[in-house]
**Q** 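Submitted below is the structure of interest, expressed as structure tokens.
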Amino acid sequence: MKDAIQLIYVEDGKTYYGVISRSFFLYEMKHMVNWFPGCNDNAIKLCELIPNIDCITINKDIIDNICDKK
């Protein structure tokens, strides 16, 4: 397993590419789970997925659109 995860980030219709350290990403998500117990389903799920994924896409445009409708 590689220590780098490909990161694809979309914002304002523009796509950015990068890499993130698997170990650092997992550390940060575990930290988020501890900071916000009972209130961080996304970080909990990511802790399960991070050891097995090669690429993650975060689309801020979709997130903002969903949040605007709530």
Side-chain angles (χ1 to χ4, degrees):
M1 170 180 5
K2 299 184 295 183
D3 187 49
I5 296 174
Q6 181 182 4
L7 172 64
I8 302 169
Y9 182 78
V10 180
E11 184 176 10
D12 295 328
K14 296 178 185 165
T15 303
Y16 304 91
Y17 299 91
V19 293
I20 187 166
S21 163
R22 182 182 312 275
S23 57
F24 178 74
F25 192 21
L26 184 57
Y27 169 82
E28 289 296 319
M29 290 303 104
K30 286 181 178 179
H31 193 71
M32 293 287 286
V33 170
N34 291 332
W35 268 356
F36 303 102
C39 184
N40 207 331
D41 294 336
N42 292 333
I44 291 168
K45 187 62 177 177
L46 281 168
C47 286
E48 296 172 16
L49 296 173
I50 290 169
N52 301 306
I53 61 175
D54 293 320
C55 179
I56 187 167
T57 301
I58 300 171
N59 190 320
K60 188 172 184 308
D61 295 343
I62 291 174
I63 294 167
D64 288 348
N65 190 14
I66 291 169
C67 292
D68 289 343
K69 291 182 180 182
K70 288 186 176 183

**Q** Just one of Asp41, Asn40, Ile56 clears the side chain to side chain contact (heavy atoms under 4.5 Å, CB included) bar with Leu46, so which one?
**A** Ile56
**Q** Measuring from atom CG of Asp61 to atom CD of Glu11, what distance do you get when rounded to the nearest 0.5 angstrom?
**A** 7.0 Å
**Q** Using the test side chain to side chain contact (heavy atoms under 4.5 Å, CB included), find all partners of Ile58 that sit at least two apart in sequence or belong to another chain.
**A** Leu7, Tyr9, Ile63
**Q** Which residue pairs satisfy the ring pair (Phe, Tyr, Trp, His ring centres under 6.0 Å) criterion with at least one member in residues 34-61, sequence neighbours excluded?
**A** His31-Trp35
**Q** Do Val10 and Lys60 come close enough that some side-chain heavy atom pair is under 4.5 Å?
**A** no
**Q** Flag yes if Ile8 and Val19 sit in one hydrophobic cluster, no otherwise; membership is Ile, Leu, Val, Met, Phe, Trp, Tyr, and two members link when side-chain heavy atoms are under 4.5 Å apart.
**A** no
**Q** Is a donor on one side and an acceptor on the other found under 3.5 Å between the side chain of Arg22 and the backbone of Ile53?
**A** yes
**Q** About how many Å separate CG of Leu49 and CG of Asn42, when rounded to the nearest 0.5 Å?
**A** 10.5 Å
**Q** To the closest 0.5 Å, what do you measure between CZ (Phe25) and SG (Cys47)?
**A** 9.0 Å
**Q** Apart from Val33 itself, what residues make up its hydrophobic cluster when side-chain heavy atoms of I, L, V, M, F, W and Y under 4.5 Å apart count as a link, directly or indirectly?
**A** Ile44
**Q** Short question: side chain of Asp3, backbone of Ser23 - any donor-acceptor pair under 3.5 Å?
**A** yes
**Q** With rounding to the nearest 0.5 angstrom, report the CE to OH distance, Met32 to Tyr27.
**A** 12.5 Å
